[in-house]
Amino acid sequence: MRINPILRKELKMNARTVKLPILVILYNLVLSCVAILSLAGVQSQYDAGYAIQYDELFTIFYILGWIQCVIVCFMIPVLTASSIAGEREKQTLDIMLTTSIRPFKIIVGKLTASMCTVCLLVISSIPILSVAFIFGGMDWSYILYFILIVISIGILVGSVGIFFSSLVKKTPVAIVLTFILGGIVVLGTVYGFPLIREFYQEFHYDSITGVNRQLDIRWSALLMLMNPAVLFFDFMQKSSGSPGISHYIPDLFHCASNGRMYTFAENWWIPASVIVQLGIAFLFLWGATWALDPLKHKNGHRRKKKKK
């Protein structure tokens, strides 16, 4: 089986450095400390004469899951934002582009190499996550779903990072732009339209009826499908048997508690959100390929000549 040459090179370089094992050790050390402290809290309640609440064991999975998701979302931009910009800073990008490897393969190889590191970290933490499943009460399939969702979120965040890495010349600028866009998506899709609705009601007073006019923003709840934080929150809530994002949509977007938007969020939010985010990731990868393609300037120059 032929493997992407860029991916092969990146994997060899990572395997020959001491950074990867140190990263794995530190990653699992943080998770182990959190798990031990959580179990110590449960044990102290038992020693004090209280009955063990098995819901608290899921809290361990909840905390560890969010810690991993946050670490991945902060680590992936650093890895991917330096992939192309770092090659440009080392003046090796032009050499790479002179080979027979297409720009899309370069982009995919860089992203896959970063995702391999993330998969290694997440899979290595499975024994720690399994602490929440020792006493039962949860299905082991949740670990598989957890890994798949973290990987899909990592692909989305990584595609944004590699897009800005292909677009700008400096790694720090690419990292900052990735975090700025991520913050806009995470906060804007949740609070953006509700804030617009509040301002609209304040400045649009109907003198005839004596009430503020209402702005219909129900459709804007679908924009949260591109929000990785909402996707992960919905999964973690439903894993514990609690209502997910559908519980908050009626208050935020003035949807009926039994309407179409509520029913859609209750039954199809997770698969729909994964599909939307993977589609957006593909668009960013296509944009990164266009930005990296050395022939685009040549084609544009030829078109200008033809117009003249």
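- In this model, a donor atom of one side chain and an acceptor atom of the other lie less than 3.5 Å apart for Q237 and Y62.
- The closest side-chain donor-acceptor pair between N28 and S124 falls under 3.5 angstrom.
- Summarising the geometry, atom CG belonging to L7 is positioned 12.0 Å from atom CE belonging to M115; distances are rounded to the nearest 0.5 Å.
- Shortest non-hydrogen contact noted between P228 and V185 is CD-CG1, 4.4 Å.
- Going from atom CD1 of I184 over to atom CZ of F179 covers 14.0 Å, rounded to the nearest 0.5 Å.
- Considering only heavy atoms from C-beta on, I249 comes within 4.5 Å of W269 through its side chain.
- We find the CZ-OG1 distance between F284 and T178 to be 9.0 Å, quoted to the nearest 0.5 Å.
- Side-chain contact, Q277 with S273: a donor N or O sits under 3.5 Å from an acceptor N or O.
- Residues T80 and F164 have side chains not in contact (no heavy-atom distance under 4.5 Å, counting atoms from C-beta outward).
- Ring geometry for Y145 versus Y142: interplanar angle over 60°, hence perpendicular rather than tilted (30 to 60°).
- Using a 4.5 Å cut-off between side-chain heavy atoms of Ile, Leu, Val, Met, Phe, Trp and Tyr, with links allowed through other members, V108 and I76 fall into different hydrophobic clusters.
- Between F104 and F282, the two ring planes are perpendicular [angle over 60°; tilted spans 30° to 60°].
- T289 has its side chain out of reach of R102: every pair of non-hydrogen atoms, C-beta onward, lies at least 4.5 Å apart.
- Distance check: L11 CG to T112 OG1 gives 9.0 Å after rounding to the nearest 0.5 Å.
- A chain of hydrophobic side-chain contacts below 4.5 Å, direct or via other Ile, Leu, Val, Met, Phe, Trp or Tyr residues, connects I143 to I67.
- Rounding to the nearest 0.5 angstrom, the gap separating the CG atom in L278 from the CG atom in L283 is 11.0 Å.
- Side-chain contact annotation: Q68 with S125, donor-acceptor N/O pair under 3.5 Å present.
- Taking each heavy atom of V168 and A85 in turn, the nearest pair found is O-CB, 4.3 Å.
- With respect to E87 and K110, a salt bridge is recorded, a charged nitrogen being found less than 4.0 Å from a carboxylate O.
- Within a 6.0 Å radius of NZ in K169, other residues, nucleotides and ligands contribute 12 heavy atoms or fewer.
- Residues I151 and V122 are not in side-chain contact: their nearest non-hydrogen atoms beyond the backbone lie 4.5 Å or more apart.
- Side-chain rings of F232 and W66 approach one another, their centers coming within less than 6.0 Å.
- Annotation: side chain of L231 is in contact with side chain of S152 (closest heavy-atom distance under 4.5 Å).
- Shown here are the side chain to side chain contact (heavy atoms under 4.5 Å, CB included) partners of W268, two or more places apart in sequence or in another chain: F264, P271.
- I153 places a side-chain heavy atom less than 4.5 Å from the side chain of C69.
- Remark: L292 CG to I106 CD1 distance equals 5.5 Å, nearest 0.5 Å.
- The side-chain heavy atoms of I149 and I270, taken from C-beta on, include a pair separated by under 4.5 Å.
- The main-chain N or O of S82 is never found under 3.5 Å from a side-chain atom of T171 such that the two would form a donor-acceptor pair.
- In this structure, V157 is not a member of the same hydrophobic cluster as V176, with clusters built from ILVMFWY side-chain heavy atoms closer than 4.5 Å.
- For the pair K238 (side chain) and E266 (backbone), a donor-acceptor distance under 3.5 Å is present.
- In the hydrophobic cluster analysis, where Ile, Leu, Val, Met, Phe, Trp and Tyr join through side-chain heavy atoms closer than 4.5 angstrom, V150 is grouped together with I123.
- Here the closest non-hydrogen pair linking L31 and L64 is O-CD2, 3.5 Å.
- Smallest separation of non-hydrogen atoms from L129 and G65: CD2-N, 4.4 Å.
- Not a single donor-acceptor pair under 3.5 Å links the side chain of N227 to the backbone N or O of T189.
- At distances below 3.5 Å, at least one donor-acceptor pair connects side-chain atoms of N267 with backbone N or O atoms of T263.
- Cluster membership check: F233 does not share its hydrophobic cluster with Y262, using side-chain heavy-atom separations under 4.5 Å among Ile, Leu, Val, Met, Phe, Trp and Tyr.
- Of all heavy-atom pairs between I107 and S166, the closest is CD1-OG, 3.5 Å.
- The two residues I128 and A35 come nearest to each other via the heavy atoms CG2-CB, 4.0 Å.
- Within the 4.5 Å cutoff, side-chain heavy atoms of I147 are placed close to those of I126.
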Can T117 and L23 be said to form a side chain to side chain contact (heavy atoms under 4.5 Å, CB included), step by step?
CA-CA 10 Å; T117 302; L23 182 62; 4.2 Å; yes
